[in-house]
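Data first, discussion second: the structure below is written as structure tokens.
Order of appearance sets the numbers: ligands from 1, and atoms from 1 within every ligand. Residues take their numbers from the sequence shown, with the count starting at 1. Everything quoted here is computed from the prediction, not taken from an experiment.
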Amino acid sequence: MKKLLALALAALMLFALAACGEKTPVLTMATNAEFPPYEYYEGDKVVGIDAEVAALIAEKLGMELEIVDVAFDSIIPGVQAGKYDMGMAGMTVTEDRLTKVSFSSSYATGVQSVIVKEGGAVKSLDDISGKKIGVQTSTTGDIYASDEFGEDAVVKYDNGAVAVQSLILGKVDCVIIDNEPAKSYVAVNEGLEILDTEYAVEDYAICFSKENTELKDKVDAALKELIADGSVQKVVDKYINAD
Ligand code: ARG
């Protein structure tokens, strides 16, 4: 009887050991958590649409999501180098980025918007020429503004929040940034408004190293399921009030 008990105990211990050793695979997602409502901090936790959709994807794949917050222009190089498994940051699919990374299917649409000071010098798109434009470095807002109005007109900031602070201080005359972050910034800062114009419409997607087609396909399949069953929409509705 004692022998049997000892044997059972040994088996149990072995089992427990095996369970400990069996690690859940980690899915690292690089983002730039200065982009509400897609990614931002709540305390010391990164929350937002991208964070929650990525968590649902990881759950579907039996992986553990790890979010890494880096500068926006470090995401693609880091993904290319294999430092992160994927990049998810309200990132627009562009021709140029497609030469560097591959993208999942699109899970959201973004619109480039122009934030101005109420009663300020910029009242419509026609007024922007000759003015100073604030952007977040390397975003599509930066790329469009630099192309259209020239590098000299564009002031590049680390993130949208800092660009908006500069607008408030009068260092720039407008800020070109995606519509949902624009709404978030305007909501928490007095005296700002968004021009009634859609500057450019874009698709957001998750980026991967071109070599890692296996992960891309897995994530893409999970994402498609989450879009089809309404889970993505549920997350979007939680963060964006339809009005
Ligand atoms: N959609 C724009 C782009 O791809 C801005 C994205 C900025 N995202 C961020 N998490 N800061 O360039």
Side-chain angles (χ1 to χ4, degrees), residues 28-42 45-55 65-80 83-115 133-149 151 154-167 172 174-186 188 194 197-208 232 235-236 239-240:
T28 49
M29 157 186 156
T31 196
N32 170 249
E34 311 266 8
F35 201 66
Y38 293 96
E39 43 267 333
Y40 58 99
Y41 280 93
E42 225 168 67
K45 199 173 167 235
V46 176
V47 298
I49 295 169
D50 289 346
E52 285 203 27
V53 170
L65 179 69
E66 189 187 309
I67 299 180
V68 189
D69 180 22
V70 299
F72 185 72
D73 56 2
S74 304
I75 299 175
I76 288 182
V79 166
Q80 276 181 298
K83 236 167 121 180
Y84 321 113
D85 296 321
M86 62 185 209
M88 191 172 188
M91 188 182 282
T92 305
V93 181
T94 70
E95 288 298 320
D96 181 53
R97 289 173 185 167
L98 276 166
T99 66
K100 299 174 180 149
V101 286
S102 58
F103 280 97
S104 68
S105 356
S106 175
Y107 62 91
T109 306
V111 182
Q112 290 301 309
S113 299
V114 184
I115 311 178
I133 307 157
V135 296
Q136 179 182 17
T137 307
S138 297
T139 58
T140 46
D142 178 8
I143 297 159
Y144 294 139
S146 302
D147 274 359
E148 213 174 317
F149 303 103
E151 291 277 350
V154 178
V155 188
K156 300 171 195 246
Y157 296 95
D158 280 351
N159 62 64
V162 182
V164 168
Q165 285 316 308
S166 279
L167 172 63
V172 292
C174 65
V175 168
I176 299 184
I177 194 165
D178 306 46
N179 58 328
E180 289 303 334
K183 282 192 222 160
S184 301
Y185 292 131
V186 168
V188 296
I194 297 170
T197 158
E198 299 203 338
Y199 194 66
V201 182
E202 344 184 289
D203 291 322
Y204 291 171
I206 308 170
C207 72
F208 302 87
V232 169
V235 174
V236 170
Y239 286 94
I240 303 174

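Here's the thing with Q136: one of its N/O atoms is less than 3.5 angstrom from an N/O atom of ligand 1. Geometrically, ligand 1 and R97 share a nitrogen or oxygen pair separated by less than 3.5 Å. Considering backbone and side-chain atoms together, Y204 places no N or O closer than 3.5 Å to any N or O of ligand 1. Considering backbone and side-chain N/O atoms, S138 never comes within less than 3.5 Å of an N/O atom of ligand 1. Not a single N or O atom of F72, backbone or side chain, sits closer than 3.5 Å to an N or O atom of ligand 1.
Interface of M91 with ligand 1, defined as ligand atoms under 4.0 Å from a residue heavy atom, comprises 4 (O). If you number the atoms of ligand 1 from 1 as listed, the ones under 4.0 Å from a heavy atom of E39 come out as 10 (N). Within the listing of ligand 1, atoms 1 (N) sit less than 4.0 angstrom from a heavy atom of E202. Counting atoms of ligand 1 from 1 in the listed order, those under 4.0 Å from a heavy atom of A89 are 6 (C), 7 (C), 8 (N), 9 (C), 10 (N).
With Q112 as the fixed residue, the side-chain hydrogen bond (donor to acceptor under 3.5 Å, both in side chains) test singles out one of T92, T140, T197: T140.
Ion pairing of E42 with K45 is absent here, as no side-chain N (NZ or NE/NH1/NH2) approaches a carboxylate O to less than 4.0 Å.
Atom 12 (O) of ligand 1 has its closest protein heavy atom at T140 N, 2.7 Å. When hydrogens are left out, the protein atom nearest atom 7 (C) of ligand 1 is F35 CE1, 3.4 Å; that is the closest non-hydrogen contact. Protein heavy atom closest to atom 11 (N) of ligand 1, with residue, atom name and distance, is N32 OD1, 2.8 Å.
Proximity of a side-chain donor or acceptor of Y239 to a complementary backbone N or O of G48 within less than 3.5 Å is detected. Using modelled atom types, no side-chain atom of D158 and backbone atom of A71 make a donor-acceptor pair closer than 3.5 Å. Remark: side-chain polar atoms of T28 are not paired, donor with acceptor, to backbone N or O of E66 under 3.5 angstrom. Between the side chain of Q136 and the main chain of Y157, no donor-acceptor pair closer than 3.5 Å is present. Side chain of Y107 to backbone of Y204: no donor-acceptor contact under 3.5 angstrom is found.
Residues F35 and F72 place their aromatic rings such that the two centres sit no closer than 6.0 Å.
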Inset, instruction - Could you please spell out the steps behind the side-chain hydrogen bond (donor to acceptor under 3.5 Å, both in side chains) verdict for S138 and D142? - result: CA-CA 6 Å; S138 297; D142 178 8; 4.8 Å; no
Inset, instruction - With side chain to side chain contact (heavy atoms under 4.5 Å, CB included) as the test, would you mind laying out the steps for L167 and I115 before giving the verdict? - result: CA-CA 9 Å; L167 172 63; I115 311 178; 3.8 Å; yes
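Under 4.0 angstrom from ligand 1, there are no non-hydrogen atoms of E34. The proximity of E180 to ligand 1, defined as any non-hydrogen pair under 4.0 Å, does not occur for either the backbone or the side chain. For D178, every heavy-atom contact with ligand 1 shorter than 4.0 Å involves the side chain, none the backbone.
At least one heavy atom of G90 sits less than 4.0 Å from an atom of ligand 1.
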